[in-house]
Amino acid sequence: MSELGMTEHVREVREQVRAFMDEHVYPNERQLAREDGEAEALLKDLRSRAKADGLWAPFIGPEAGGTGLGFLPYAYLNEVIGRSHWAPLVFGCQAPDAGNAEILNQFGTPEQRERWLMPLVAGEIRSFFAMTEPEVSGADPTGLRATAVADGDEWVIDGHKWFSSGAEGAAFAIAMLVTEPDQPPHRRMSQIMVPAGTPGLEIVRAVPVLGHRGSGWNTHCEVRFNGVRVPLGNLLGERGDGFRIAQRRLGPGRIHHVMRWLGQMQRAFELLCTRALDREAFGGRLADKQTVQNWVADSAAEIQACRLLTLDAAANIDRGDEARVEISVIKFYAARVLHDVIDRAIQVHGAMGLTDLTPLSEMYRQARAARLYDGPDEVHRMVVSRRILRAFEAGTPWDFEAGGASAT
């Protein structure tokens, strides 16, 4: 197929990333997964190697300390980086730090960029994004309750957050907080930086996810803000801009997620096919069984469909389009395909697929979470259907070629 926006330079960088993964990442996955002192030392060494090879922080441009070549080129790199759970951390493009860096780069003041953005991109510190709250639905952020009230030259922050990924050991948070309670729902919130160690900021616990607690970057934490005071200058952007900034962060971020999922799908697909050819049962290879052949065919078709949908959405973003429908389509469709392809690969491996002898069990845990974070599948389906039906209601049928309402 023709690669949208693929240049020879991007192809060369992608091959560099692929070679780095083969030499340094895949052989060390099981050691990194131990999340102990030796794993931390190994990670530090691998990150130094990535920097030395000019592959560090490919999500953002050189003006912010990265090696990024643009949005679509980074999407292609993510397809390779995403094959391993640990690779984004090795290359310095892990969530939530990459998203936090992007909005700091877009909306931060010079002082904020110097204090937080540059060391964040350099990998000297980590961050977390405090948005989801246990008392309200994460699918509807207009209902958030955590508040920040101006008092003199400070914000006073109170609230309860959880699933704040990477909060353990992070240097600062970007918190989504209600600062304008009397404004319309999408203008009630602002984003405010909160340094770690500020009195009243409490990391309550790392919440186990499907039995996995994690460590450091790989945690999802419950956090409390109890009368936390920070300067008014820690506001990111303007008052009431929190939802708009979050959308600027989450929209492109969903494409990054799906491109990484494509890497996971392709790796699981390779494991599925290899195992099917090697394993014999009931007098023949699994590859000769019709059910397994159907799994191979369905997986190949679904992965290719995901890839084309995602590259189309990324190209629209690169052209300055918000691509709201395209992003919602790939979010719910790719999350399902990711789950199904990994599930089939596990089934072909039998009980072995549930162990740490393959990467499939870790991939499966991540795949189930994919249907929830950055908006549950049901919300994205609702976004797509509402926009399409609104177009028909207005007498402008949906144009699949243009990806929107027809002008005729």
Side-chain angles (χ1 to χ4, degrees), residues 57 60 63-66 94-133 141-142 144-183 186-204 217 219 221-250 253:
I60 203 164
E63 76 285 352
Q94 70 281 355
D97 297 311
N100 286 347
E102 287 171 340
I103 57 176
L104 274 167
N105 194 39
Q106 292 180 60
F107 300 100
T109 65
E111 294 77 13
Q112 290 169 349
R113 288 163 55 88
E114 182 178 356
R115 180 177 178 184
W116 285 298
L117 174 64
M118 302 312 289
L120 184 62
V121 174
E124 298 167 4
I125 60 174
R126 288 192 296 101
S127 63
F128 69 98
F129 190 67
M131 180 170 173
T132 304
E133 298 177 6
T142 62
L144 295 176
R145 297 177 182 176
T147 62
V149 178
D151 181 27
D153 59 356
E154 293 181 317
W155 293 106
V156 181
I157 303 171
D158 290 281
H160 186 196
K161 302 285 186 178
W162 73 339
F163 290 103
S164 295
S165 300
E168 184 178 81
F172 72 95
I174 298 181
M176 183 80 104
L177 304 160
V178 176
T179 59
E180 323 300 317
D182 298 326
Q183 292 298 313
H186 291 91
R187 294 293 304 169
R188 297 172 67 241
M189 293 162 286
S190 302
Q191 294 190 19
I192 297 174
M193 268 82 71
V194 182
T198 303
L201 173 57
E202 178 189 5
I203 308 297
V204 178
W217 162 74
T219 56
C221 294
E222 180 182 1
V223 181
R224 287 191 181 273
F225 298 84
N226 301 306
V228 173
R229 288 181 171 268
V230 298
L232 293 179
N234 283 21
L235 177 71
L236 181 62
E238 302 295 328
R239 290 181 64 148
D241 268 359
F243 188 84
R244 181 175 72 90
I245 295 174
Q247 288 301 110
R248 292 289 293 273
R249 180 185 193 276
L250 293 173

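Only this structure's heavy atoms are used, side chains among them; waters, hydrogens and symmetry mates stay out. Residues take their numbers from the sequence shown, with the count starting at 1.
- Residues meeting the ring-ring contact (aromatic ring centres under 6.0 Å, His included) test with Phe225, sequence neighbours left out: none.
- A donor-acceptor pair is defined here as one N or O able to donate and one able to accept, closer than 3.5 Å; no such pair exists between the side chain of Asn234 and the backbone of Ile192.
- Under the side-chain hydrogen bond (donor to acceptor under 3.5 Å, both in side chains) criterion, Arg229 pairs with Asp151, Glu154, sequence neighbours left out.
- Both the sub-6.0 Å distance and the 45° axial angle are not jointly satisfied by Arg248 relative to the ring of Phe107.
- Legend: residues meeting salt bridge (Lys or Arg N to Asp or Glu O under 4.0 Å) with Arg187, ordered by chain and number and at least two apart, are Asp241.
- Rounding to the nearest 0.5 angstrom, the gap separating the CD atom in Gln94 from the CH2 atom in Trp217 is 7.0 Å.
- By the salt bridge (Lys or Arg N to Asp or Glu O under 4.0 Å) test, Arg145 pairs with no residue at all, sequence neighbours left out.
- Around CD of Gln183, the count of heavy atoms belonging to other residues, nucleotides or ligands within 6.0 Å exceeds 12.
- Note: Asn105 CG to Ile60 CD1 = 4.0 Å, rounded to the nearest 0.5 Å.
- For residues 155-164, the set of pairs meeting the salt bridge (charged side-chain N to carboxylate O under 4.0 Å, His left out) definition, not counting sequence neighbours, comprises Glu133-Lys161.
- Under a cut-off of 6.0 angstrom, the local environment of CD in Gln247 is crowded, with over 12 non-hydrogen atoms contributed by other residues, nucleotides or ligands.
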- Task: Starting from the C-alpha separation in whole Å, work towards a yes-or-no answer on side-chain contact (heavy atoms from CB on, under 4.5 Å) for Ile174 and Met131.
- Result: CA-CA 8 Å; Ile174 298 181; Met131 180 170 173; over 6 Å; no
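- The side-chain hydrogen bond (donor to acceptor under 3.5 Å, both in side chains) search around Thr198 returns none, not counting sequence neighbours.
- Closest non-hydrogen pair, Pro141 versus Phe243, comes out as CG-CE1, 3.7 Å.
- Here CD of Gln106 is found 10.5 Å from CZ of Arg113. Values are rounded to the nearest 0.5 Å.
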